[in-house]
K.L.:
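Before I ask anything, let me first share the structure, which is written out below as structure tokens.
Naming: A, B, ... by sequence-line order, numbering from 1 per chain.
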2 protein chains.
Amino acid sequence: MDKKDLEKEFHMTGGAGETSYARNSSLQKKASDEAKHITLETLQQLYKETRPKKSTLGIADLGCSSGPNTLSTIRDMIKAIEEVAHHREIPNQPLPEFSIFLNDLPGNDFNSIFKSLPDFHTELKRDTNTNGDSPSVFISAYPGSFYGRLFPENTIHFIHSSYSLHWLSKVPPGIYDEQGKSINKGCVNICSSSPEAVSKAYYSQFKEDFSIFLRCRSKELVSAGRMVLIILGRDGPDHVDRGNSFFWELLSRSIADLVAQGETEEEKLDSYEMHFYAASAAEIESEVEREGSFELERLEMLEVDKETGNEDDDVSSYGKAVAKTVRAVQETMLAQHFGEEILEKLFDTYGRMVDEELAKEDIRPITFVLVLKRKL
Amino acid sequence: MDKKDLEKEFHMTGGAGETSYARNSSLQKKASDEAKHITLETLQQLYKETRPKKSTLGIADLGCSSGPNTLSTIRDMIKAIEEVAHHREIPNQPLPEFSIFLNDLPGNDFNSIFKSLPDFHTELKRDTNTNGDSPSVFISAYPGSFYGRLFPENTIHFIHSSYSLHWLSKVPPGIYDEQGKSINKGCVNICSSSPEAVSKAYYSQFKEDFSIFLRCRSKELVSAGRMVLIILGRDGPDHVDRGNSFFWELLSRSIADLVAQGETEEEKLDSYEMHFYAASAAEIESEVEREGSFELERLEMLEVDKETGNEDDDVSSYGKAVAKTVRAVQETMLAQHFGEEILEKLFDTYGRMVDEELAKEDIRPITFVLVLKRKL
């Protein structure tokens, strides 16, 4: 699947049904909550520093997806600025107008977000009424790949992106041989049996993509504008570890299980590749430095707390919670490649495998929170 | 139905199915083509005049709906500016970046528009390659009612709105009696049997809405920014004529027909009211003057040419074409009020009635094209 197809086909499961991303993004929310204080602190810092002359503060959420997280993140950010304004930390500074730019690929379910906007505005007005005037908030959607320009020059003050930037622009071309066959047989991403050329190809794609991302954003951000990027990563130089990569290793094994049972063909497993890369801190740092537009102000490592899932869910195990999350994220791609009929069984198997592995030894997926400042 | 419910429920039929707006907006397109030269001329004029210092030209389409008209309008506008730039009518002026702001109510099918964006960009690039560099075009959606603020202050250069502004923000409260019952029995809008209070209430709602519209847009437009508004109207002071109002008169009669056949209840017809108003040129002029932010540069009257419908349609009569158009525009509201099951029969009857009436005497629906300039 090339970049253009990916832009059309890759998206979280839409709507509000049983397997939708809207109802299965509690794991993302959990870790994102941990990253939240960094996000809001950075936003407030930026606001105090730049005191935008134009009365509009531009905030973009890249890879906003479609679910309860989408607008709750926006609400938190607006409140964080109101807090600064109401504490009168900046004298004679009226509350700015907010321009909120939501971004995701064109296949994202923006309609669902839009339908909840009237209620969102009503709540926002109610929440702020006690404090005085309620802010003007203009919410818009800019569909497109963030591995290209999204906004006009010099228009955004703050960029937030949560759990999106580990998705590459495409499956790296380097993992296909001259006949166009994947050399990464039996695996859906970098796994223990992958040839070294596979991790090299993925790393090289990450470098290319991340560098394009930084360059595009540096044009769109105002001087001293900030980005908070929350991405999955890995803890050291090894590409294969008992972290994020292990979840894909188990997805490969679950599909292999279906192959063994004759539910799908081996060839299909061999040709399925995920456009995912978990970078290390060193790789991120070196790419930010090489590209040159940004100063890396912070780089924090977080681990997702496994204790709780979504409270209204009847999820009885961590494995099932992971299975639901991975399904919401990968369902559209898997269904297109393998057919919808395998999904139920696949994710049953997958959830069970995660639980079995956890009983043996911990799995520690890692999240990085990056704070980047556009150089003056 | 109050304003807030309207904002959630009122939209053209989405998707690309048999009764969708996307496939049944050929009448709108037809007249819009006639208005096109005015639109593009005004846009070019604006561009030459304002020579935006910032390199971004902001263009908004209010009530963009979701269909082939949506992006083709945008394409025409971009080409019109390219033409000016390539003819070098402005020395040393590079092609601007385009910021395109699509607007409609939150229930509009924006997903369909977004899914066609990758192809739109590809075509745009191909079309312009012969002329040199292809323009940067940033397309966004700003869902919400245009009877309120949509964009930050001073950000838009040009506003286009085609066949949207005859939809009021709500059914005027003045047509309900103390018990909350409509005094406009048997009619879905102003019709020959309506009491005078009904047309007064509709006119008063139009004045309120149009004035709010002008005030909001005057804040959002840059100085000397332009609006081209294409709206249905009427030819003189009489509210009831053989123009747009007659189409609603026939819709009332078609529903009355179903009542007579026991397919729906009389009470339902009595309580159904459309939030529609066809203003006269004098009413429009007086409201623009009273509000005061805009200069009315042009006010043209157009009549829709009845000769041709959508070429790929198997529409055998003008009545059927009108029925399809009205259905795409009113389907969601009618279905909610009367139930979906009446729609087929209703629009069969309606199409037949239109043809019968046309055999007797012409029906002449009128369109106004307004060009408004924001005062300096």
K.L.:
Looking at CG of Leu102(A) and OG of Ser140(B), how far apart are the two atoms once the value is rounded to the nearest 0.5 Å?
P.N.:
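Between Leu102(A) CG and Ser140(B) OG, I get 11.0 Å after rounding to 0.5 Å.
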K.L.:
Should the pair Glu97(A)-Lys219(B) be classified as a salt bridge under the 4.0 Å nitrogen-to-oxygen rule?
P.N.:
no
K.L.:
On a heavy-atom basis, which atom in Pro143(A) and which in Ile139(B) lie closest, and how many Å separate them?
P.N.:
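Here Pro143(A) and Ile139(B) meet closest at CD-O, 3.7 Å.
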K.L.:
So for Phe98(A), is it side chain, backbone, both, or neither that comes closer than 4.5 Å to the heavy atoms of chain B?
P.N.:
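When you check distances to chain B, no heavy atom of Phe98(A) falls under 4.5 Å.
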K.L.:
Check Asn111(B) against Asn108(A) and note the closest heavy-atom contact, atom names and distance.
P.N.:
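That would be OD1-O, 3.5 Å.
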K.L.:
Specify the closest pair of heavy atoms between Thr56(B) and Pro152(A), including all atoms of both residues, with the distance to one decimal.
P.N.:
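Smallest heavy-atom distance, with atoms named: OG1-CB, 3.6 Å.
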K.L.:
Atom CZ in Phe114(B), atom CG in Asp109(A): separation rounded to 0.5 Å?
P.N.:
11.0 Å
K.L.:
Go through the atoms of Leu117(A) and report whether side chain, backbone, both or neither lie under 4.5 Å from a heavy atom of chain B.
P.N.:
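For Leu117(A), the side chain is the part near chain B, not the backbone.
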K.L.:
Tell me if the aromatic rings of Tyr142(A) and Phe138(B) count as close, with their centers under 6.0 Å from one another.
P.N.:
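Between Phe138(B) and Tyr142(A), which both carry aromatic rings, the centre distance is not below 6.0 Å.
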